[in-house]
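Each remark here refers to the structure printed beneath this line.
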Amino acid sequence: RRFLRTSAATLAATSLSHPIFAQAGEPAVAVSIDAKHPIHTIPLNFIGLSYERQQLSKPEVFTAANKNLIAEFKALSPHGVLRLGGNTGEFSWWQAKPGTKPPERPHTETVAGEPNANLSYVISPERVRNLAVFLKATGWTCIYGLNLGTARPEDNADEAAFVIKTLGDRLEYLQVGNEVDIFGRHLRDSKTWGVEAYLKDWLTHANAIRAKAPSAKFGIPDVASDVTWLPKIAALWPAVENKPQLVSLSHHYYFTGPPSNPKATIERLLTTDPAAISKAKLAREAGEALKLPYRMTEGNTCYRGGKPGFSDVFAASLWAADYLLTLASYGYSGVNLHGGGGKEVADSLGGTLPGEELMPDRTVPHPRPFYTPINEEPNGRYTAEPVNFGMRFAGMLAGATLLPVKAETGNVNVSIYAAKLPDGKLAVAVINKDAKQSITVDVTSKGITDIRTLTAPSLEAHEAKLGSEMHTMMIRETPGPIPVSVPAASAKLVTFV
Ligand code: BDP
């Protein structure tokens, strides 16, 4: 190969010490990229986290003083979106003034995976003020979730008005209700609950909020798993009179759960989940029908707190990179992976189901939910978990425009994405989820300007590293196939001239 290069010495050193180029005997695939038919520009605020309202109720989490958490948010994304909600949201209440008593709450049963019905989390104006300062310090915005399950419309209206005033342009929009498709399990009468009953309920709250805060914007329905609710809502929405301002659709997604589910294996996690794709198609259909963005606002590898050795290892990193870019290629406006720290979050998951006995006992102090992208250690420090590095990998394409890719990858378990970067360069992300086989991808170009790598010692490793393989510009006179080797269980983001 003949390259013109900016620095001969660096290039020689780089190509000798790193397997950038094809390795003997490795399957090679030609990647063809259709630059004429752009799919979708990934918004700059594509990357997001989802935290419980329980975390908002804690005085020490979202504050200006929590420098380590602020640093972790910024390291994950310069313009991320923090979504607040989760099942603890339905067990929280707005304390407008110190000393105000909680409103009487309708009786609910404690069911597995949901907070103990006796728990109650207090959200006060001070928490919201601190949240505003925290968001400003991170450069992030917020999707603010309110309680539909057990709150009174007038209290939501009070809280929403205060949130809108206090967060200002740091507020993306409000959500009212978390995982409303499963309200029939414990929060509503399962015999009468469904999309229409939900819409009626939601409108009561949204209209009470608008009456106090006319500028209120909303995202709905934030379903747990039944994404058919989105097209159903799209069909019902035109007939809604005097509509609240709807700015986004949303749903959740957990690859599997609970942790005892036999599907919770690394091997399964790294194969494409047909349910993720069919949900993405439904969300896109509804988004297109209503001409609204759609976002995956809460999800992760395994609900009910995640599974050790599955949710907190490098496999989850490759999963996150691939899942996020899959959703980007279906036109999603963003993805919020769920997490947060501390024993309380783990406790808020409630009782275990029969068959879950094998899982760690949640009555003993737990450092965290196992899937969290940012871990809160018992000593109060925050650290980035493997899943976080997969998010960062996908986040490198925020602002880029995805392009259709064709590649015959045979029996190698690999995902390939291509995108035009804002500076006009072409980037190709290769996520090699194969535990054993490395692969060479051939991209026709004049040269490479940058290679980022996502690696770890193994799929089971409790670590992940986002590195850089080469900084040297290599340019050839005419475009030709440039082979790039991507080892088993690793990912590369290659930028071409
Ligand atoms: C989701 C809930 C979230 C939980 C999570 C889990 O919205 O609050 O923490 O499940 O079970 O359904 O891990």
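Both ligands and their constituent atoms are indexed starting at 1 by order of listing. Quick note: numbers below take in every heavy atom, side chains included, and nothing from hydrogens, waters or symmetry partners.
In terms of N/O distances under 3.5 Å, ligand 1 is approached by N178. Here's the thing with Y303: none of its N/O atoms is less than 3.5 angstrom from an N/O atom of ligand 1.
The proximity of N300 to ligand 1, defined as any non-hydrogen pair under 4.0 Å, does not occur for either the backbone or the side chain. Contacts with ligand 1 closer than 4.0 Å are made by no heavy atom of H252, backbone or side chain.
Here the side chains of F370 and E385 are not in contact, with every heavy-atom distance at 4.5 Å or above. Between F314 and E463 there is no side-chain heavy-atom pair separated by less than 4.5 Å.
Atoms of ligand 1 found under 4.0 Å from any heavy atom of H338, numbered from 1 in the order shown, are 3 (C), 8 (O), 9 (O). Near N87, meaning under 4.0 Å from one of its heavy atoms, ligand 1 places the atoms 2 (C), 3 (C), 4 (C), 7 (O), 8 (O). Against a heavy-atom cut-off of under 4.0 Å, Y371 is close to the following atoms of ligand 1: 5 (C), 6 (C), 9 (O), 13 (O). When each atom of ligand 1 is checked for a heavy atom of E52 under 4.0 Å away, the hits are 3 (C), 4 (C), 8 (O), 9 (O).
With R188 contributing its side chain and G149 its backbone, the two residues share a donor-acceptor pair below 3.5 Å. For the pair D312 (side chain) and P308 (backbone), a donor-acceptor distance under 3.5 Å is absent.
At least one heavy atom of G305 sits closer than 4.0 Å to an atom of ligand 1.
One finds the CG atom of D222 at 10.0 Å from the NE2 atom of H251 (value rounded to the nearest 0.5 Å).
Using a 4.0 Å cut-off between charged nitrogen and carboxylate oxygen, K436 and D434 do not count as a salt-bridge pair.
Geometrically, K232 does not engage Y198 in a cation-pi contact defined by less than 6.0 Å to the ring centre and at most 45° from the axis.
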